[in-house]
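One structure is given here, and the rest of the page talks about it.
Computed from a predicted model, the values in this text were never measured in an experiment. Below, all heavy atoms of this structure are taken into account, side chains as well, without hydrogens, waters or symmetry copies.
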Amino acid sequence: MLNQQILMQQLQQVRQTGPLVHCMTNDVVVNFTANVLLAIGASPAMVMAREESVPFARIASSLLVNVGTLTPELADSIKAAVIAAHEAGKPWVLDPVAYGVLDFRTRFCDGLLQYRPAVIRGNAAEIAAMGGQKSLSKGTDSLTSSNEVLECARQLARQHQTVVAMTGQTDYVTDGVSTYALDNGHEQLTRITGAGCSLSAMVAAYCAVCETPLLAALAALSHMGIAGELAAGRTRAVGSFAVALLDELDLLAQNGVQQLQCQQV
């Protein structure tokens, strides 16, 4: 499904088209998410107000929904934008931050599933909780291994006719029929604010240009994972790593892909 040549084609397609990504994301990661999207060649827009989210969802290339700092007002605006994107045939991505930990966001995410997200991107604990499986987490961080939750991810994808992109020590992407394991990445990605949330925004960007959501999720996760490895290889600590990550996300489309680790399982 994904090899080095296909990944390079998707990287270049994002740069050539510059998809406009409507990011309804959490307050903590807005700036970093915008910089990540700019680094890969996409165009970020953080439009949150209810009065603007609906018309903007209709004209954007894709929509990201991240419930990290959800409020009742933002929930109303997000739901309206999701409905607008769904009706306009625009792909949208759900990042169910801390799903299963807090009731408000859990019920809210459940209500959005009827509008058919193209991709659900979460960590193992979030995906397990969405699939009804017990999991362990600490706040927004998963203490559950992605390997333990793989069948749950497949079932979740089949149940909602979507693609599940589950990140962990090994990342998995599945549409419920085909499943791929990705082993790129670095531990430093878990030590900076916004890597996972920004990854979800990357998935939304790729959804706007790729033929299928499955390919979009594979390309986005590979792009972030390889960039993380390269950034860690030339930095000493997390502060410089965050800056180097933006550099490598930018440079990957120019320098080519050599170390892709993706296989069907």
Side-chain angles (χ1 to χ4, degrees), residues 23 25-40 42 44 46 64 66-70 93-102 105 120-129 135-149 153 165-173 181-206 217-252 255 257 259-262:
C23 299
T25 191
N26 73 74
D27 296 342
V28 180
V29 302
V30 169
N31 181 261
F32 191 72
T33 297
N35 284 331
V36 164
L37 287 175
L38 289 169
I40 69 171
M46 280 59 180
L64 164 68
N66 176 304
V67 299
T69 52
L70 193 66
V93 173
L94 175 61
D95 188 334
V97 178
Y99 181 101
V101 178
L102 298 167
R105 68 187 58 205
I120 299 171
R121 204 297 305 170
N123 62 36
E126 292 157 354
I127 298 304
S135 62
L136 296 175
S137 62
K138 182 173 67 175
T140 61
D141 297 324
S142 175
L143 301 178
T144 299
S145 166
S146 57
N147 295 322
E148 302 172 48
V149 189
M166 177 173 60
T167 49
Q169 185 170 359
T170 295
D171 298 336
Y172 291 99
V173 176
L182 300 101
D183 286 311
N184 291 111
H186 195 276
E187 186 267 343
Q188 291 284 56
L189 287 166
T190 68
R191 300 186 63 208
I192 60 172
T193 300
C197 299
S198 300
L199 172 58
S200 297
M202 289 176 61
V203 173
Y206 276 96
L218 287 169
L221 268 63
S222 297
H223 192 168
M224 178 66 88
I226 294 169
E229 289 177 359
L230 294 171
R234 64 181 184 86
T235 55
R236 296 177 56 194
V238 294
S240 54
F241 172 80
V243 175
L245 178 63
L246 294 175
D247 289 344
E248 297 299 342
L249 288 168
D250 181 13
L251 293 170
L252 197 60
N255 295 342
V257 177
Q259 59 274 73
L260 175 64
Q261 298 183 52
C262 175

Could you check whether any side-chain heavy atom of [X] comes within less than 4.5 Å of a side-chain heavy atom of [Y], counting everything from C-beta outward?
| X | Y | result |
| --- | --- | --- |
| N35 | S198 | no |
| T25 | L64 | yes |
| E126 | I120 | no |
| D250 | L246 | no |
| D171 | M166 | no |

Shortest non-hydrogen contact from [X] toward [Y]:
| X | Y | value |
| --- | --- | --- |
| D95 | G196 | OD2-O, 3.9 Å |
| L249 | A227 | CD2-CB, 3.6 Å |
| V173 | A217 | CG1-CB, 3.8 Å |
| G122 | P96 | CA-CD, 4.4 Å |

*Assign the ring pair F241 / H186 to parallel, tilted or perpendicular, where the plane angle (0 to 90°) is split at 30° and 60°.*
tilted

Would you confirm whether [X], through its side chain, and [Y], through its main-chain N or O, come within 3.5 Å as a donor-acceptor pair?
| X | Y | answer |
| --- | --- | --- |
| N184 | Q261 | yes |
| S222 | A219 | no |
| R105 | Y99 | no |

Please round to the nearest 0.5 Å and tell me the distance separating atom [atom1] of [X] and atom [atom2] of [Y].
| X | Y | atom1 | atom2 | result |
| --- | --- | --- | --- | --- |
| Y172 | T167 | OH | OG1 | 12.5 Å |
| E248 | L245 | CD | CG | 8.5 Å |
| E229 | L189 | CD | CG | 9.0 Å |
| D247 | T235 | CG | OG1 | 10.5 Å |
| N66 | T33 | CG | OG1 | 7.5 Å |
| I226 | L221 | CD1 | CG | 11.0 Å |

*Please lay out, stage by stage, how T69 and N26 fare under the test side chain to side chain donor-acceptor pair (under 3.5 Å).*
CA-CA 5 Å; T69 52; N26 73 74; 4.8 Å; no

*asked:* The test is side-chain contact (heavy atoms from CB on, under 4.5 Å); show your working for F32 and I192 and say whether it passes.
replied: CA-CA 10 Å; F32 191 72; I192 60 172; 4.1 Å; yes

_CD (Q169) with more than 12 external heavy atoms under 6.0 Å_ = no

*asked:* Please evaluate residues R121 and L94 with respect to the criterion side-chain contact (heavy atoms from CB on, under 4.5 Å), reporting the C-alpha separation (whole Å), side-chain torsions for both, the decisive distance (0.1 Å), and the verdict.
replied: CA-CA 6 Å; R121 204 297 305 170; L94 175 61; over 6 Å; no

